[in-house]
Amino acid sequence: FQLILLCNIQIPHASANIESDRKRKKTPADRPEKHKKQTKMSSTSSTSDKVRASHILIKHQGSRRKASWKDPEGRVISATTRATAASQLKSLRDDIVSGKVKFADVASRHSDCSSAKRSGDLGSFGRGQMQKPFEEATYALKVGEISDIVDTDSGVHIIMRTA
């Protein structure tokens, strides 16, 4: 009860300062941590250094997360070896490269990534935003090229650079 009374005490000069601080426009100096993060992000992934890619991910028993939209319990993933996943992905890649099927269709049906609902499209990203092997493979591709099999902690991928 006494605490409530103390909270209702008004100090005229302090409340005026608080009110003027609310109206004053904030500057980056008022938010040093946020400003540092924005500066760091912009230096590591400027728009001119961004790429865009789609991928097909096949998870296996060595993947860091053994569940996907296709296999929520992870039963199939937990029983799939890395060699089996890579073999399946190689076969899918061969079908895409030969023109039998389209990358987007294969990604929609077979990828363990939630990007499957966007035909494998990951959107644009810059350096430092993806796992290192994935980033390196993507940046090494020319637009329209499809990678060989790329291993990451998530599983095995094939990547198509789209921009």
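Remember, it's a predicted structure, so these values are computed and weren't measured experimentally.
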Electrostatic pair [X]-[Y], nearest N-O below 4.0 angstrom:
X: D148; Y: K90; value: no
X: R65; Y: D153; value: no
X: K66; Y: D71; value: no
X: K132; Y: E135; value: yes

Point-to-point distance, once rounded to the nearest 0.5 Å, from CE of M160 to OG of S119
9.5 Å

State the CD1-CG distance between I159 and L122, to the nearest 0.5 angstrom.
8.5 Å

Under 30°, 30 to 60°, or over 60°: which ring-plane class applies to F134 and F125, parallel, tilted or perpendicular?
tilted

Kindly indicate whether the side chain of [X], heavy atoms from C-beta on, has any atom under 4.5 Å from the side chain of [Y].
X: R127; Y: D49; result: yes
X: R82; Y: V156; result: yes
X: S68; Y: I77; result: yes
X: I96; Y: K102; result: no
X: K117; Y: S108; result: no

Could you walk me through whether T138 and M130 satisfy the side chain to side chain contact (heavy atoms under 4.5 Å, CB included) test, starting with their C-alpha distance in whole Å, then the side-chain angles of each, then the deciding distance to 0.1 Å, before giving a yes or no?
CA-CA 10 Å; T138 304; M130 298 291 183; over 6 Å; no

More than 12 heavy atoms of other residues, nucleotides or ligands under 6.0 Å from NZ of K70: is that the case?
yes

Which heavy atom in [X] sits nearest to a heavy atom in [Y], and how many Å separate them?
X: V106; Y: V101; value: CG2-CG2, 3.4 Å
X: P72; Y: A67; value: O-CB, 3.4 Å
X: K50; Y: S124; value: CD-CB, 4.4 Å
X: W69; Y: A116; value: NE1-CB, 3.6 Å

Should R52 and D121 be marked as a side chain to side chain contact (heavy atoms under 4.5 Å, CB included) after you check the CA-CA gap, both sets of side-chain angles, and the distance that decides it?
CA-CA 8 Å; R52 185 174 186 141; D121 182 24; 2.4 Å; yes

Whether the Q131 and S154 side chains hold a donor-acceptor pair (N or O, under 3.5 Å, no angle test) is what I'd like checked.
yes

Testing the 3.5 Å rule here: is there a donor-acceptor pair between the side chains of T84 and T81?
yes

Verify side chain to side chain contact (heavy atoms under 4.5 Å, CB included) between H157 and I149, making sure each step is shown before the conclusion.
CA-CA 6 Å; H157 313 250; I149 293 171; over 6 Å; no

Give the C-alpha distance, both sets of side-chain angles, the deciding distance and a yes or no for side chain to side chain contact (heavy atoms under 4.5 Å, CB included) between T162 and V143.
CA-CA 5 Å; T162 56; V143 174; 5.7 Å; no

Under 4.5 Å between side-chain heavy atoms, counting indirect links through other Ile/Leu/Val/Met/Phe/Trp/Tyr residues: same cluster for V150 and V51 or not?
yes

Please answer: with hydrophobic residues joined when any side-chain heavy atoms are less than 4.5 Å apart, are I58 and I158 in the same cluster?
yes

